[in-house]
Chemist: 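This is the structure I want to talk about, given as structure tokens.
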Amino acid sequence: MTVELKNDFITVKISEEGAELVSIKGIDTEIEYIWQADKKYWGRHAPVLFPVVGRLKNDEYEYNQQTYKMGQHGFARDMLFTVISKTETSVVLELGSSPETKSKYPFDFRLRLHYILANHQIKVIYDVYNPDENDLLFSIGGHPAFNVPLKNAYLDLENYQIDVAPNVERRQIPLVGPFNDMENAKSVKFNEPIKLSRETFKNDALIYELNQEETTVLLSTPEDDHGVSVTVNNADYVGIWSKYPENSPFVCIEPWWGLADNVKSTGKLSDKGDIHVLEENQSFEGSYHITVF
């Protein structure tokens with residue numbers, strides 16, 4: 001089932017499967033901003049990454065001396081959420097722990113996704129709650145993919161650029177295979193836009209450390225007036241990705257509260273870098289918003 005939200009400027013669709021954003025469409029322009037999951041390139045739209053971001057070594061982790069299997073980006077993206085409230089311009093979807101989740105993730109949790117429209121913008125809120133007396137360990141993130149080009153069919157990735165604001169120095173974290181190499185992170189400045197090409201993603205995603213500072217990532221082209229920005233309110237990192245070497249007509253801008261395993265990972269969940277820990281009855285809230293034009 002798909003939930004539809006609408007205001008005077010945009011219509012938005014969210015699938016109950018994975019609580020995934022599957023469409024943002026301009027009412028006047030009829031532009032579809034969200035990638036439409038062509039499996040020839042990448043069969044997702046904007047999956048929710050929970051309870052891990054990225055890949056675990058050997059697709060497994062150890063907790064309390066027991067080993068659990070879990071695939072890339074966790075399981076939430078493939079599970080059915082429940083709509084617990086809805087208005088014309090907002091919806092809240094929920095996923096809770098179950099025997100199925102506990103077979104791969106031995107924690108009680110409640111995950112809620114809030115989607116709220118305001119003018120040309122959609123706000124996304126991740127709400128994680130720990131109902132149990134034992135600590136809850138998790139990471140979470142977004143993976144929204146945007147069509148490139150947005151309108152003019154003669155344009156392609158090479159016509160687009162990324163701008164990052166504010167223009168401050170940030171650490172860029174390289175990947176070795178699917179794993180982060182934090183020890184070799186380097187500081188970069190954003191004095192100029194990042195001109196995109198297929199080779200931009202030769203080594204996988206561009207990952208920047210945000211330190212929970214509000215940051216806006218703009219995807220646009222000088223060739224027309226349409227683009228999209230993602231403002232990350234309190235995330236630890238942002239990833240920018242498109243599939244390589246295929247000529248994939250999309251770019252992802254991904255707010256993350258966590259990372260893939262480190263190249264030197266021990267495999268123990270409690271040792272995992274950037275893991276978030278909630279004590280009993282504590283909540284976590286992460287948010288970002290997408291603006292289209």
Chemist: Begin with the C-alpha distance, continue with both residues' side-chain angles, and end with the deciding distance and a verdict on side-chain hydrogen bond (donor to acceptor under 3.5 Å, both in side chains) for Asn159 and Thr221.
Modeler: CA-CA 6 Å; Asn159 297 105; Thr221 172; 5.4 Å; no
Chemist: Answer yes or no: are there more than 12 heavy-atom neighbours, outside Glu169 itself, under 6.0 Å from its atom CD?
Modeler: yes
Chemist: Side-chain heavy atoms nearer than 4.5 Å, only ILVMFWY residues, links allowed to pass through others: does that put Val48 and Ile24 together?
Modeler: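 Looking at the clustering, Ile24 is in the same group as Val48.
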Chemist: With a sphere of 6.0 Å drawn around NZ of Lys264, does it hold more than 12 non-hydrogen atoms of other residues, nucleotides or ligands?
Modeler: no
Chemist: Strictly distance-based, threshold 3.5 Å: is any side-chain N or O of Ser103 a donor or acceptor partner for the main-chain N or O of Glu100?
Modeler: yes
Chemist: Kindly compute the distance separating CG (Leu136) from CG (Leu111), expressed to the nearest 0.5 Å.
Modeler: 10.0 Å
Chemist: For Gln65 and Glu62, which heavy atoms make the closest approach, and how far apart are they?
Modeler: CA-OE2, 3.7 Å
Chemist: With side chains defined as the heavy atoms from C-beta onward, is the minimum distance between Thr215 and Val238 less than 4.5 Å?
Modeler: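 Answer no - side chains too far apart.
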Chemist: When you compare the side chain of Val22 with that of Ile14, does any pair of heavy atoms fall below 4.5 Å?
Modeler: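 In short, these two side chains do not touch, never coming nearer than 4.5 Å.
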Chemist: Using the six-membered ring wherever Trp is involved, compare the ring planes of His143 and Trp241 and label them parallel, tilted or perpendicular (cut-offs 30° and 60°).
Modeler: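 It falls in the perpendicular class, over 60°.
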Chemist: Between CG of Asp135 and CD of Gln282, what distance do you get to the nearest 0.5 Å?
Modeler: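 Answer rounded to 0.5 Å: 8.0 Å.
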Chemist: Kindly indicate whether the side chain of Ile290, heavy atoms from C-beta on, has any atom under 4.5 Å from the side chain of Tyr288.
Modeler: yes
Chemist: Who passes side chain to side chain contact (heavy atoms under 4.5 Å, CB included) against Ser248, sequence neighbours left out?
Modeler: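 Only Tyr41, Arg198, Ser242, Lys243, Glu246, Phe250 meet the side chain to side chain contact (heavy atoms under 4.5 Å, CB included) criterion with Ser248.
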Chemist: Quick check against the 3.5 Å criterion: does Lys151 have a side-chain atom that pairs as donor or acceptor with the backbone of Glu32?
Modeler: no
Chemist: Between Leu80 and Tyr115, is there a shared hydrophobic cluster once you connect ILVMFWY residues whose side-chain heavy atoms come closer than 4.5 Å?
Modeler: no
Chemist: Given side-chain contact (heavy atoms from CB on, under 4.5 Å), test Tyr208 with Tyr237 step by step and report yes or no.
Modeler: CA-CA 6 Å; Tyr208 301 106; Tyr237 306 93; over 6 Å; no
Chemist: List the atom of Ala19, the atom of Leu93, and the distance in Å for their closest heavy-atom pair.
Modeler: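 Answer, listing the atom of Ala19 first, then Leu93: CB-CB, 4.3 Å.
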Chemist: For Glu30, does the CD atom sit with more than 12 other heavy atoms under 6.0 Å from it, leaving out its own atoms?
Modeler: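 No.
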Chemist: Donor-acceptor pair, Glu20 side chain versus His45 backbone, under 3.5 Å?
Modeler: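 Checking the backbone N and O of His45 against the side chain of Glu20, a donor-acceptor pair under 3.5 Å is found.
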Chemist: Whether the side chain of His120 engages the backbone of Val292 through a donor-acceptor N/O pair (distance < 3.5 Å, no angle test) should be reported.
Modeler: no
Chemist: Between Val92 and Leu113, is any pair of side-chain heavy atoms under 4.5 Å apart?
Modeler: no
Chemist: Let me confirm one number: the CG-CG distance from Asn147 to Leu219, rounded to the nearest 0.5 Å.
Modeler: 10.0 Å
Chemist: Stepwise, does the side-chain contact (heavy atoms from CB on, under 4.5 Å) test hold for Met182 with Asp274?
Modeler: CA-CA 11 Å; Met182 183 71 75; Asp274 301 290; 4.2 Å; yes
Chemist: Report yes if the side chains of Glu279 and Asn281 come closer than 4.5 Å at any heavy-atom pair, otherwise no.
Modeler: no
Chemist: In terms of heavy-atom contacts, does CD of Glu199 have more than 12 from other residues, nucleotides or ligands at under 6.0 Å?
Modeler: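 Atom CD in Glu199 is crowded, with more than 12 foreign heavy atoms closer than 6.0 Å.
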Chemist: Please confirm whether the ring centroid of Trp257 lies under 6.0 Å from the ring centroid of Tyr126.
Modeler: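 For Trp257 and Tyr126, the ring centres are under 6.0 Å apart.
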Chemist: Does any part of the side chain of Ile27, heavy atoms only, come nearer than 4.5 Å to the side chain of Asp8, both counted from C-beta?
Modeler: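 They are not in side-chain contact.
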Chemist: Looking at Asp127 and Arg110, is any side-chain nitrogen of the basic one under 4.0 Å from a carboxylate oxygen of the acidic one?
Modeler: yes
Chemist: Do Val12 and Leu117 pass the side-chain contact (heavy atoms from CB on, under 4.5 Å) test, and can you show the C-alpha distance, the side-chain angles, and the key distance before you say yes or no?
Modeler: CA-CA 8 Å; Val12 170; Leu117 304 193; 3.6 Å; yes
Chemist: Please examine the side chains of Ile140 and Val128, heavy atoms only from C-beta on, and report whether any two atoms are closer than 4.5 Å.
Modeler: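 When only atoms from C-beta onward are counted, Ile140 and Val128 do touch, with a gap below 4.5 Å.
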Chemist: Parallel under 30°, tilted from 30 to 60°, perpendicular over 60°: which one fits the rings of Tyr63 and Phe107?
Modeler: tilted
Chemist: Between Arg112 and Glu94, is the closest basic N to carboxylate O distance under 4.0 Å?
Modeler: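 Answer for the salt bridge query: yes.
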Chemist: Do side-chain atoms of Asp163 reach the backbone of Leu218 as a donor and acceptor pair under 3.5 angstrom?
Modeler: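 Judged by distance alone, no pair lies under 3.5 Å.
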Chemist: Going only through I, L, V, M, F, W and Y residues with side-chain contacts under 4.5 Å, is there a path from Val91 to Ile34?
Modeler: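 Yes, it is one cluster - the side chains of Val91 and Ile34 are joined through contacts under 4.5 Å.
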Chemist: Treating Asp38 as the side-chain partner and Lys40 as the backbone partner, does any N or O pair qualify as donor plus acceptor under 3.5 Å?
Modeler: yes
Chemist: May I ask you to check whether over 12 heavy atoms, not counting those of Asn167, lie within 6.0 Å of atom CG?
Modeler: yes
Chemist: Quick check, are the ring centers of Phe284 and His276 under 6.0 angstrom apart?
Modeler: yes
Chemist: Using side-chain hydrogen bond (donor to acceptor under 3.5 Å, both in side chains), reason through Asn130 and Asp132 one step at a time and then give a plain yes or no.
Modeler: CA-CA 6 Å; Asn130 179 15; Asp132 190 59; over 6 Å; no
Chemist: Should Leu95 and Leu137 be counted in the same cluster of Ile, Leu, Val, Met, Phe, Trp and Tyr side chains packed under 4.5 Å apart?
Modeler: yes
Chemist: Please assess Thr89 against Asn7 for the test side-chain hydrogen bond (donor to acceptor under 3.5 Å, both in side chains), listing each intermediate value before the final yes or no.
Modeler: CA-CA 6 Å; Thr89 59; Asn7 64 14; over 6 Å; no
Chemist: Do the side chain of Tyr33 and the main chain of Phe293 share a donor and acceptor less than 3.5 angstrom apart?
Modeler: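 Flag set: sc Tyr33 to bb Phe293 pair under 3.5 Å.
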Chemist: Is Asp78 paired with Arg44 through a side-chain N to carboxylate O contact shorter than 4.0 Å?
Modeler: yes
Chemist: Does the distance from a Lys or Arg side-chain N to an Asp or Glu carboxylate O, for Arg170 and Glu209, drop under 4.0 Å?
Modeler: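 Here Arg170 does not pair with Glu209 in a salt bridge, since their nearest N and O are not under 4.0 Å apart.
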Chemist: Could you grab the distance from atom CG of Asn58 to atom CE of Met70, nearest 0.5 Å is fine?
Modeler: 14.5 Å
Chemist: Between Lys102 and Asp108, does at least one N-O distance fall below 4.0 Å, as a salt bridge requires?
Modeler: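 Yes, this pair counts.
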Chemist: Which atoms form the tightest heavy-atom contact between Ser287 and Asn234, and what is the distance?
Modeler: N-OD1, 3.3 Å
Chemist: Going by distance alone, is a donor N or O of one side chain under 3.5 Å from an acceptor N or O of the other, for Thr216 and Thr231?
Modeler: yes
Chemist: Looking at Asn211 and Asp236, would you say the former's side chain and the latter's main chain have a donor-acceptor pair under 3.5 Å?
Modeler: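 No, the answer is negative, given that no donor and acceptor are paired below the 3.5 Å cut-off.
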Chemist: Please determine whether the number of non-hydrogen atoms from other residues, nucleotides or ligands lying under 6.0 Å from atom NZ of Lys13 exceeds 12.
Modeler: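 No, not enclosed.
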Chemist: Take the angle between the ring planes of Phe50 and Tyr105 and call it parallel below 30°, perpendicular above 60°, tilted in between.
Modeler: perpendicular
Chemist: Check whether any side-chain heavy atom of Phe146 sits under 4.5 Å from a side-chain heavy atom of Val251, and report yes or no.
Modeler: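 Result no, sub-4.5 Å side-chain heavy-atom pair not found.
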Chemist: Hydrophobic side-chain clustering at under 4.5 Å (ILVMFWY, transitive links): who's grouped with Tyr129? Put none if nobody.
Modeler: none
Chemist: One thing to verify: whether Lys272 and Asp261 come together as a salt bridge, which I'm taking to mean a side-chain N less than 4.0 angstrom from a carboxylate O.
Modeler: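 A salt bridge is present here (some side-chain N lies under 4.0 Å from a carboxylate O).
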Chemist: Determine, step by step, whether Ile10 and Lys25 satisfy the side-chain contact (heavy atoms from CB on, under 4.5 Å) criterion, reporting the C-alpha distance in whole Å, the side-chain angles of both residues, the deciding distance to 0.1 Å, and the verdict.
Modeler: CA-CA 5 Å; Ile10 55 176; Lys25 197 167 187 179; over 6 Å; no
Chemist: Before you tell me yes or no, could you show the steps for Gln161 and Lys195 under side-chain hydrogen bond (donor to acceptor under 3.5 Å, both in side chains), namely the whole-Å CA-CA distance, both residues' side-chain angles and the distance that decides it to 0.1 Å?
Modeler: CA-CA 5 Å; Gln161 65 188 40; Lys195 303 292 186 181; 2.8 Å; yes
Chemist: Is Leu21 reachable from Met1 through a run of hydrophobic residues whose side-chain heavy atoms are each under 4.5 Å from the next?
Modeler: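 Not linked; separate clusters.
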